[in-house]
Amino acid sequence: MLLDRLAETWTAVAATRSRNAKRDLLAATLADAGPDDLEIAVSYLGGALRQRRTGLGWRGLAELPEPAATPILTLLEVDAAFELMAGLSGPGSSTRRTAVAAELFGQATAREQAFLRGLVLGDLRQGAMDALVQEGLAKAYAVDPAVLRRAAMLLSSTTEAARLLVREGRDALAAVGPTVGTGVQPMLAASAPDPSSALAKVGSPAYADVKLDGIRVQVHRLGDEVRIFSRSLDDITERLPEVVEAVRELPARELVLDGEVLALRQDGRPEAFQLIAAQAATQAAVTQVAAADQSAQLGTQVPESLALRAFFFDLLYLDGRSLLEAPLRDRIAELERQLPAELRVERALVDTADELAAFFDAAVARGFEGVVVKAPDAGYAAGRRQASWVKVKPRHTFDLLVTGVEWGYGRRQGWLSNIHLAARDERTGEPVMLGKTFKGMTDELLRWQTEHFSSIATERTDHVVTVEPTTVVEIACDGLQVSTRYPGGVALRFARVLRYRPDKTAAEADTLADVKRLLGPPVEAPDETS
DNA sequence: ACCAGTTGACC
DNA sequence: ATTTTGT
DNA sequence: ACAAAATGGTCAACTGGT
């Protein structure tokens, strides 16, 4: 199949808002793809290359060669080119990658170049992604969409489901079960603003799990072989040797566990997410030892490595038996039989909103992120964000100044969208930037912002309109994080707009000191000798 | 030996 | 990650 | 009820250049 066929489909899919029409367009193209093309077509129409990383990004695509006049590229050729780029590493690889990319894009027509660009950047904007491609594929092959979706979730991707479907047929799809060693799409949680609405969504009684702010992991064990997958099903086994060891010591031979990895301090409170994530992103212990040796010789400091531990909250597979369809209460019972308490997330079974609120308050007081409220009867809905799991986190609010706004893209084109947020410096009164947000804005608010901020603009560039720092906006966030980018040394985490405060003047906005109170009482500064 | 820019992954 | 919009 | 888009911040790895 020619790449042009997918580029054409992409244009057509983007042109309609009807999901059914999108599905039919996708189905027509997928029905025409041969067995060798199907996986690539499924992946590309879903907006993704088959390679997880190619080393190409927006910078690498900044200058493209003249487009070709006629389409000649085949899917196999394109996939091979990206495969080549993905495999390049070491000195000279960057130059080589640029050359390969230039050759590929030089053979592409203008429309194909735009399509490829969207694939590389994950920026297709056609109003259809993985889920709609599944529907299209199901229609093209006349299989039950629910069967296809389930297979995709259990096989880790729609591409894998497509491969199985085209090679082994419909029956093989229906027979798919969870397999030790193949990542299952993790179940996600909906969210609620407070404990009582969470309980209202889930129903009672409900389980309340302490929500840990770390790295989501799915751990597979088959005998001595242990594999750890991240939320996106990346294999991160090499980065978490302590977790491998802990799981190897369990009595069960075959396991698929769902949990969170983090580090606790001496006092039992969790380390900051930033430290945990940094540790988890660091390659194998061998490298760390080497780095420590090296820095010892140089007399420099290497940050002390954190002891990462896994805390599990679900069990999906045990010794030949899938537990995906089993109700949570049964999965929990089995989890408690198989794992010692030190490896489990703390949880309670609650009946009332008051009990839940007390559990939530206690968890937050101990430094944890919040709670996840779960329906005892629900099965494990792989890959879905259902009301059977609902997370709740404390919400903090500040009144901040808007110092600038950025022009939006895509459906926000032509509107001033992303706003720059600042607190007042308590001494000088000058705004200190703490981050940006585009969240919480309705279309109506976007219209208002565009008009309002245009009227108080002091400076304009291509992307950013600087404004007089007089507008006060009420912002919600999950907390603060240490920042080297922003001058106050902190940035807002998950900031979103609640409402504008036309009733407040700039002088009434919160100060940097007000915001920093969220960090808790200031820590004794260690003696800094250099 | 170190720095800066880019990419990719986590939340 | 969160939120809004549209089917 | 679900899917998609729009865009946030941080960190480590990697590469090329000084």
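Within every chain, numbering begins at 1; the chains are lettered A, B, ... in the order of the sequence lines, protein sequences first and strands thereafter.
Counting only N and O atoms by type, the side chains of A:Asn20 and A:Glu135 include no donor and acceptor under 3.5 Å apart. For the 3.5 Å distance criterion, the side chains of A:Glu238 and A:Gln283 fail to qualify, holding no donor opposite an acceptor. Side-chain N/O atoms of A:Arg50 and A:Ser43 include no donor and acceptor closer than 3.5 Å.
Between D:dC2 and A:Gln386, a contact under 4.0 Å exists linking OP1 or OP2 to a side-chain N or O. Within the structure, every side-chain polar atom (N or O) of A:Lys22 is placed at least 4.0 Å from both OP1 and OP2 of C:dT7. Residue A:Ser94 places no side-chain N or O under 4.0 Å from the OP1 or OP2 atom of B:dG5. The side chain of A:Gln481 contributes no N or O atom lying less than 4.0 Å from OP1 or OP2 of D:dT10. For A:Tyr409 and D:dA5, the shortest distance from a side-chain N or O to OP1 or OP2 is not below 4.0 Å. OP1 or OP2 of B:dC10 has at least one side-chain nitrogen or oxygen of A:Ser232 nearer than 4.0 Å. The side chain of A:Arg412 contributes no N or O atom lying less than 4.0 Å from OP1 or OP2 of C:dT4. Put simply, A:Ser483 has no side-chain N or O that comes within less than 4.0 Å of OP1 or OP2 on D:dG9. Between A:Trp58 and B:dT7 there is a side-chain N or O to OP1 or OP2 distance below 4.0 Å. Phosphate contact (OP1/OP2 of D:dT15, side-chain N/O of A:Ser93, threshold under 4.0 Å): present. Between A:Arg385 and the phosphate of D:dC2, there is no side-chain N or O to OP1/OP2 separation shorter than 4.0 Å. Taking only side-chain nitrogens and oxygens, A:Arg59 never comes nearer than 4.0 Å to OP1 or OP2 of B:dG5. Taking side-chain N and O atoms only, A:Thr95 has a distance below 4.0 Å to OP1 or OP2 of D:dG16.
Among the protein residues, A:Ala128 comes within range of the sugar-phosphate backbone only, with heavy atoms under 4.0 Å from sugar or phosphate atoms but none that close to a base. Using a 4.0 Å heavy-atom criterion, one finds that A:Ala495 contacts no nucleic acid atom at all. Across all strands shown, A:Lys439 has heavy atoms under 4.0 Å from base atoms, whether or not it also approaches the sugar-phosphate. Counting any heavy atom pair closer than 4.0 Å across all strands shown, A:Val497 reaches no nucleic acid atom. At a threshold of 4.0 angstrom between heavy atoms, the contacts of A:Leu56 are confined to the sugar-phosphate backbone, with no base atom among them.
When each of C:dT3, D:dA13, B:dG8 is scored by its nearest atom to the side-chain atoms of A:Thr282, the top-ranked nucleotide is D:dA13. Of the candidate nucleotides C:dT3, B:dC10, C:dT5, C:dT5 has the atom lying nearest to any side-chain atom of A:Thr442. Closest to the A:Asp234 side chain, of the nucleotides B:dA9, C:dT2, D:dT10, is B:dA9. In this structure, the nucleotide among D:dT10, B:dG8, B:dC11 sitting nearest to the side chain of A:Arg485 is D:dT10. Closest to the side chain of A:Lys391, from the set C:dT2, D:dA12, B:dC11, is C:dT2. In this structure, of C:dT2, D:dG16, B:dC10, it is D:dG16 that holds the atom nearest to the side chain of A:Pro91. Looking at the side chain of A:Ala131, the nearest of the listed nucleotides C:dT2, D:dA4, C:dG6 is D:dA4. For A:Asn418, counting side-chain heavy atoms from C-beta on, the closest listed nucleotide (B:dT7, D:dG9, D:dG8) is D:dG8. Comparing D:dA4, D:dC2, D:dA12 by their closest approach to the side chain of A:Ala278 singles out D:dA12. Closest to the A:Arg493 side chain, of the nucleotides B:dC11, D:dT15, D:dC11, is B:dC11.
In this structure, A:Leu498 places its CG atom 9 Å from P of C:dT3, rounding to the nearest Å. Atom CZ of A:Arg499 is separated from atom C1' of C:dT3 by 18 Å (rounded to the nearest Å). Going from atom CG of A:Leu306 over to atom P of D:dC11 covers 13 Å, rounded to whole Å. Taking atom CZ of residue A:Arg97 and atom C1' of nucleotide D:dA13, one finds them 12 Å apart after rounding to whole Å. Rounded to whole Å, the distance from CE on A:Met129 to C1' on C:dG6 is 16 Å. In this structure, CZ of A:Arg411 is placed 11 Å from P of D:dA5, rounded to the nearest angstrom. For the pair A:Lys436 NZ and C:dT3 P, the computed distance is 20 Å after rounding to whole Å. If you take CZ of A:Arg23 and C1' of C:dT7, they are 12 Å apart, rounded to a whole angstrom.
Of the possible polar contacts, one joining the A:Gln126 side chain to the A:Ala128 backbone as a donor-acceptor pair under 3.5 Å is found. The closest donor-acceptor contact from the side chain of A:Arg385 to the backbone of A:Ala190 lies at 3.5 Å or more, if one exists at all. Proximity of a side-chain donor or acceptor of A:Glu260 to a complementary backbone N or O of A:Gly214 within less than 3.5 Å is detected. Listed for the A:Gln279 side chain is a donor-acceptor partner under 3.5 Å among the backbone atoms of A:Leu306.
Between A:Leu434 and A:Tyr486 the shortest side-chain heavy-atom distance does not fall below 4.5 Å.
Nearer to the 5' terminus of DNA chain C, by closest-nucleotide assignment, is the contact made by A:Phe494 (compared with the other of A:Phe494 and A:Arg19).
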